Amino acid sequence: MSDAGERPAEPESAAAVAASPGRRIAVDLSPLRRHRDFRVLSIGSFVSLFGSQLTRVAIPFQVYALTKSSFAVGLLALFELGPILGLSLWGGAVADAVDRRRVMVGTDAALLVVSLALAANAVAFHRPNLTAIYALAALAAALYCFGRPALDAAIPRLVPPSDFPAAAALNGLQYNLGGILGPALAGVLIAAFGVGPAFVIDAATFGAALACGLLLSPIPPAPGARPAGLRSIGEGLRYVRRSQLLMGSYAIDLVAMVFGMPNALLPALAVEHFHGGATTLGLLAAAPAAGALAASALSGWTARIERYGLAIAAPAAAWGVAIVAFGLTDHLALALVALAAAGAADMISGIFRMVLWNTVVPDELRGRLAGVELAGYASGPALGNFEAGWVASLRGLRFSVVSGGAACVVGAVAVVACLREFRSYKQP
């Protein structure tokens with residue numbers, strides 16, 4: 001949706017672009033300058049993301065501190081899995097049927113309350129209640145998955161198709177900047193004050209995101225939109241099933257997240273393998289985002305790539321290779337470099353996934369297909385955390401990490417080999 005009263009920017013000449021090689025590499029900031037609602041949405045998303053990253057570190061650390069068990073940390077994912085799968089699809093159907101801004105605002109308000117409840121559980125009792133942590137983590141996952149499809153489906157309404165690659169890169173840039181600052185601050189906060197302040201800051205950032213949401217223009221559903229319901233959800237699932245492009249994109253992402261994201265092992269690795277504590281955990285959690293931030297900041301070249309299928313798959317395989325390297329090293333510095341390389345590869349794959357999605361999905365289905373994508377995107381790490389914790393309990397931390405990275409490489413190659421339309425797709 002274009003911004004009322006704003007004049008479109010004049011297109012730059014080819015000579016002007018050619019005269020500035022750095023601009024062909026650096027991230028394109030023009031969507032933020034040209035589109036007011038996209039700018040407001042980006043600010044709110046970044047602030048809430050920053051706070052959520054604090055909680056992403058604090059909850060596993062809290063569970064590990066209470067139980068001294070990586071399996072118990074992996075169980076967090078199991079409790080989150082049901083709400084993730086159900087609410088992602090339902091949230092996508094709702095996002096296509098009602099004003100997407102209203103969904104985002106309501107979700108931020110509810111998540112604010114959940115963060116306050118986590119803070120109360122952390123500081124109001126001598127020993128935090130483990131059951132309450134699992135329940136609140138599951139509720140937070142459910143709310144996030146209900147609201148996220150509305151956010152993803154809103155972005156193509158706020159920028160024109162010509163700005164999709166730049167918007168995707170900016171989305172990745174803010175995600176990974178928050179992914180660096182949040183975990184790094186979380187490590188310092190937890191080491192100095194415990195987990196309570198991390199949850200309080202998360203609640204405050206949801207308040208700021210709520211304020212930004214109220215400043216957005218309405219984002220009504222497309223003409224003739226279906227009411228939210230099982231029939232509407234089924235229509236979205238059938239569309240995905242008929243598209244090799246979307247199936248390939250989702251499968252690549254799911255393989256990487258299930259096998260190549262050993263997040264449940266990071267607390268144990270920080271303490272047992274690298275002989276550190278909360279600060280070390282914060283560094284490990286932030287390292288992938290640091291690499292992804294560098295990749296998104298230098299993402300200008302992605303606008304010139306045409307083979308989207310291979311551009312999604314090759315970085316996913318590179319992610320797996322980097323995770324194998326992470327699992328094999330005993331040195332913290334090398335481990336951080338390997339995780340940063342993995343994050344950079346994931347960022348490049350993610351940019352092309354978002355551009356492909358925005359290119360081939362019609363607006364009236366974007367909420368539902370964002371829900372389908374989110375069901376995989378959110379359940380993948382949940383399954384991956386459970387798988388990593390389970391394998392680690394049987395064969396050890398290092399075997400779990402290395403085998404997962406290797407499985408990610410094999411899975412990416414298998415998807416490309418099986419889906420001809422996906423591997424041969426070129427930008428129209």
Side-chain angles (χ1 to χ4, degrees), residues 1-9 28-53 87-88 90-115 140 143-175 177-178 202-223 225 228 354-355 357-358 361-371 373-374:
M1 181 174 63
S2 61
D3 304 317
E6 291 193 15
R7 180 181 177 185
D28 183 1
L29 299 177
S30 60
L32 292 175
R33 294 194 300 268
R34 290 200 292 256
H35 310 292
R36 179 258 184 194
D37 277 349
F38 178 70
R39 183 167 61 248
V40 171
L41 183 64
S42 296
I43 293 171
S45 298
F46 173 74
V47 171
S48 65
L49 171 68
F50 172 78
S52 297
Q53 293 295 324
L87 272 296
S88 296
W90 179 251
V94 171
D96 280 338
V98 304
D99 187 330
R100 291 165 183 170
R101 185 192 69 155
R102 290 174 55 194
V103 176
M104 292 185 283
V105 167
T107 302
D108 285 335
L111 284 167
L112 188 157
V113 174
V114 172
S115 295
L143 290 168
Y144 170 81
C145 289
F146 179 79
R148 181 70 196 209
L151 172 62
D152 290 340
I155 292 175
R157 296 278 291 275
L158 306 182
V159 298
S162 60
D163 280 339
F164 284 168
L170 287 168
N171 188 60
L173 182 67
Q174 69 174 21
Y175 181 86
L177 184 59
D202 191 17
T205 61
F206 279 123
L210 177 62
C212 288
L214 293 172
L215 294 174
L216 287 174
S217 303
I219 309 175
M354 183 175 177
V355 175
W357 186 81
N358 284 332
V361 176
D363 183 67
E364 64 271 15
L365 285 169
R366 280 191 174 127
R368 279 164 286 176
L369 267 63
E373 181 180 30
L374 182 61

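Source: prediction; values computed, not measured.
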Inter-residue atom distance [X].[atom1] - [Y].[atom2], 0.5 Å rounding:
X: Thr107; Y: Leu87; atom1: OG1; atom2: CG; result: 9.5 Å
X: Arg34; Y: Arg39; atom1: CZ; atom2: CZ; result: 11.5 Å
X: Ser45; Y: Leu170; atom1: OG; atom2: CG; result: 12.0 Å
X: Thr205; Y: Leu210; atom1: OG1; atom2: CG; result: 11.5 Å
X: Gln53; Y: Ser48; atom1: CD; atom2: OG; result: 10.0 Å

Indicate the atoms forming the closest heavy-atom contact of [X] with [Y], along with that distance.
X: Asp37; Y: Ser217; result: OD2-OG, 3.0 Å
X: Gly367; Y: Arg100; result: N-NH2, 4.1 Å
X: Asp202; Y: Gly51; result: OD1-C, 3.0 Å
X: Pro221; Y: Ala97; result: CG-O, 3.6 Å
X: Met104; Y: Leu216; result: CE-CD1, 4.0 Å
X: Cys212; Y: Ile43; result: SG-CG2, 4.0 Å

Side chain proximity check, Arg36 to Leu215, heavy atoms < 4.5 angstrom = yes
pair Val159-His35: side-chain heavy atoms closer than 4.5 Å | yes
Worked check of side chain to side chain contact (heavy atoms under 4.5 Å, CB included) between Ser42 and Leu32 | CA-CA 8 Å; Ser42 296; Leu32 292 175; 3.8 Å; yes
Checking Val114, Leu112, Val113 against Phe206 for side-chain contact (heavy atoms from CB on, under 4.5 Å), the one that qualifies is Leu112
